[in-house]
Enquirer: 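Before I ask anything, here is the structure I am working with.
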Amino acid sequence: MAAGRDVERGFPHLETVREAVTALYRRLSGDGVRSFDLSVVPADVAFADDDDLRLGAQRVARVMVAQLRLPEAPVVVTFREMEHAAQIEPAGGPEYFVELNARFREHRRDIGAALAHEITHVYLHRLGLAFDGVRNNEILTDTVATYLGAGWLLLDAFRQDRLSSQKLGYLTPEEFGYVLAKRAEVFGEDPSVWFTSPQAYEAYTAGRRKADEDARRPPLTAAGWAGRRAYARDRRWARDRLADGAGPVTSGPYTFENRSQLRVAFDCPTCFQRIRVPVRGRVRARCGLCRTVLECDT
């Protein structure tokens, strides 16, 4: 949890976020990721004023277990004073045992967000998917929770006013928005209608703009005039360098290589797997990982 000036903004972890998306596709395959086509809906994680706290938290936890296709098992949720928002033993079982920060007794609307993150830890443990380092692993957890339809609640928990701020998770609000926008591109989803926090909506909008940039980079045909002109200049420069015996020539987001013929390599805008296509004008390429079809002008 972060409060006040501790709320980091912008896109400082974007490289790790993209690596997390790639790792998820590699572990699940494109079809596996697309099977998570439905997100958690607000009604399933809502708390009524007269709901029993523990029973309600356990109900929401079961929603997260089902969303992530984990085996059904008893879920025990307790509350205690702690530094972090929550914690779980990923390798525990057969029941799921989650501890939540005692502050959630009074902030029930954010219980779903905390549970989404913690239960994703269990999911990743069972997948055998992890990054080196605690912080990178937490970024992986936030990214996977969001991309698989459970983590939009983490962004909605971001709220600010004149006196205070609150954010859950390790991604910045804008990075949560970016991952949500990437999910929305794949599933045709509009998560903005679920936000109760105006600040969450603004962060989603900023993240969506950043995500849109990925689909407008050369050699994709959607690249703008300036990008296309820069690409043509870089391609001429690369041809000259390669003709002089240089190795792969990188310029910005793409790399030119000369094997049997000139090729350009760039990141898939959906899963960020590296794609290589021949430099021969209009080309339609299919990403070998996520199976996205890309229109290119090389």
Side-chain angles (χ1 to χ4, degrees), residues 11 14 17-46 63-64 66-69 112-113 116-117 120 123 127 140-158 169 171-217 219-224 266-273 275 284-296:
F11 300 93
L14 198 55
V17 167
R18 289 169 173 165
E19 291 172 355
V21 173
T22 306
L24 180 63
Y25 271 96
R26 286 176 178 166
R27 185 64 182 84
L28 293 186
S29 80
D31 289 341
V33 170
R34 283 188 287 273
S35 71
F36 290 83
D37 56 334
L38 299 177
S39 290
V40 171
V41 297
D44 289 344
V45 294
V63 169
M64 298 304 169
Q67 175 67 25
L68 294 173
R69 319 287 172 79
H117 179 92
T120 302
Y123 177 71
L127 279 184
L140 169 68
T141 302
D142 279 345
T143 302
V144 170
T146 305
Y147 206 92
L148 297 186
W152 65 267
L153 291 154
L154 286 155
L155 177 54
D156 198 39
F158 172 53
L171 300 184
T172 69
E174 290 78 13
E175 288 167 343
F176 274 119
Y178 176 85
V179 180
L180 278 173
K182 286 298 182 183
R183 174 180 167 82
E185 290 173 2
V186 174
F187 296 106
E189 201 171 59
D190 181 12
S192 64
V193 299
W194 300 327
F195 296 132
T196 62
S197 162
Q199 293 79 27
Y201 179 81
E202 293 169 3
Y204 171 68
T205 301
R208 186 176 59 195
R209 286 196 298 268
K210 176 67 76 172
D212 288 345
E213 292 175 5
D214 295 340
R216 295 197 298 267
R217 292 178 177 169
L220 300 174
T221 56
F266 60 97
D267 289 343
C268 171
T270 298
C271 70
F272 308 106
Q273 172 86 346
I275 297 174
R284 176 174 288 180
R286 183 186 296 274
C287 176
L289 181 58
C290 69
R291 312 306 294 169
T292 300
V293 176
L294 303 170
E295 299 289 342
C296 309

Enquirer: Does the side chain of Lys182 come within less than 4.5 Å of Phe187's, by heavy atoms?
Expert: no

Enquirer: Using the side chain to side chain donor-acceptor pair (under 3.5 Å) criterion, which residues pair with Glu174? Sequence neighbours excluded.
Expert: Arg9

Enquirer: With salt bridge (Lys or Arg N to Asp or Glu O under 4.0 Å) as the criterion, how do Asp214 and Arg18 come out once you've worked through the C-alpha distance, each side chain's angles and the decisive distance to 0.1 Å?
Expert: CA-CA 11 Å; Asp214 295 340; Arg18 289 169 173 165; 3.0 Å; yes

Enquirer: Sub-3.5 Å donor-acceptor pair from the side chain of Thr292 to the main-chain atoms of Cys287, do we have one?
Expert: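 Looks like no, no N/O pair under 3.5 Å.
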
Enquirer: Quick one: list whatever passes side-chain contact (heavy atoms from CB on, under 4.5 Å) with Asp267, sequence neighbours left out.
Expert: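 Partners of Asp267 by the side-chain contact (heavy atoms from CB on, under 4.5 Å) criterion, ordered by chain and then number, come out as Arg274.
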
Enquirer: If you compare all heavy atoms of Leu140 against all heavy atoms of Ala20, which two are closest, and at what distance to 0.1 Å?
Expert: CD1-CB, 3.7 Å

Enquirer: In Å, rounded to the nearest 0.5 Å, how long is the span from CG of Leu127 to CG of Leu28?
Expert: 5.5 Å

Enquirer: Are any non-hydrogen side-chain atoms of Thr143 and Leu24 less than 4.5 angstrom apart?
Expert: no

Enquirer: Does the Trp152 side chain pair with the main chain of Ser39, one donor and one acceptor, at a distance under 3.5 Å?
Expert: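 Side chain of Trp152 to backbone of Ser39, a donor-acceptor pair under 3.5 Å: no, none is there.
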
Enquirer: Suppose we screen for ring-ring contact (aromatic ring centres under 6.0 Å, His included). Which residues come up paired with Tyr25, at least two apart in sequence or across chains?
Expert: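 Here the qualifying residues are Tyr147.
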
Enquirer: Is it the case that the side chain of Arg216 and the backbone of Ala222 share a donor-acceptor pair, with hydrogens and angles ignored and the cut-off at 3.5 Å?
Expert: no

Enquirer: Apply side-chain contact (heavy atoms from CB on, under 4.5 Å) to the pair Arg291 and Ser29, showing each step before the final yes or no.
Expert: CA-CA 9 Å; Arg291 312 306 294 169; Ser29 80; over 6 Å; no

Enquirer: Looking at CZ of Arg217 and CZ of Phe266, how far apart are the two atoms once the value is rounded to the nearest 0.5 Å?
Expert: 12.0 Å

Enquirer: Judged by atom type as modelled, is there a donor-acceptor pair below 3.5 Å linking the side chain of Ser197 to the main-chain atoms of Phe158?
Expert: yes

Enquirer: Quick one: pull up CG in Leu155 and CD in Glu175 and give me the separation to the nearest 0.5 Å.
Expert: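 Spacing of CG (Leu155) from CD (Glu175) equals 11.5 Å.
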
Enquirer: Is a side-chain donor or acceptor of Gln67 paired with a backbone partner of Leu148 at a separation under 3.5 angstrom?
Expert: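 Looks like yes, one N/O pair under 3.5 Å.
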
Enquirer: Do Thr120 side-chain atoms and Tyr123 backbone N/O form a donor-acceptor pair below 3.5 Å?
Expert: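 Absent.
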
Enquirer: Roughly how far apart are Phe11 CZ and Thr172 OG1, rounded to 0.5 Å?
Expert: 6.5 Å

Enquirer: Which pairs with one or both residues in residues 199-211 pass salt bridge (Lys or Arg N to Asp or Glu O under 4.0 Å), sequence neighbours excluded?
Expert: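 As it turns out, the salt bridge (Lys or Arg N to Asp or Glu O under 4.0 Å) pairs with a partner in residues 199-211, which skip direct neighbours, are Lys210-Glu213.
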
Enquirer: Sequence neighbours left out, what passes side-chain contact (heavy atoms from CB on, under 4.5 Å) with Pro198? Give chain and number order.
Expert: none

Enquirer: Measure the shortest side-chain to side-chain distance between Tyr201 and Asp156 over non-hydrogen atoms and say whether it is less than 4.5 angstrom.
Expert: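 No; the side chains remain at least 4.5 Å from each other.
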
Enquirer: Indicate yes or no: at least one non-hydrogen side-chain atom of Arg26 is less than 4.5 angstrom from one of Leu289.
Expert: yes

Enquirer: Before giving the answer on salt bridge (Lys or Arg N to Asp or Glu O under 4.0 Å), spell out for Asp37 and Arg34 the whole-Å C-alpha distance, their side-chain angles and the decisive distance to 0.1 Å.
Expert: CA-CA 6 Å; Asp37 56 334; Arg34 283 188 287 273; over 6 Å; no

Enquirer: Can you find a pair of side-chain heavy atoms, one from Pro269 and one from Leu220, that are under 4.5 Å apart?
Expert: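 Yes, close enough: below the 4.5 Å cut-off.
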
Enquirer: What's the spacing between His117 NE2 and Leu153 CG if we round to 0.5 Å?
Expert: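 Those atoms lie 13.5 Å apart.
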
Enquirer: Just so I know, are the side chains of Leu294 and Arg286 near enough to count as touching, which here means a heavy-atom distance under 4.5 Å?
Expert: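 No, their side chains stay 4.5 Å or more apart.
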
Enquirer: Look up atom CG in Leu180 and atom OH in Tyr204, then write down how far apart they are to the nearest 0.5 Å.
Expert: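 Rounded to the nearest 0.5 Å, the CG-OH separation comes to 6.5 Å.
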
Enquirer: Strictly by salt bridge (Lys or Arg N to Asp or Glu O under 4.0 Å), give each pair with a member in residues 189-198 just once, sequence neighbours left out.
Expert: Arg183-Glu189

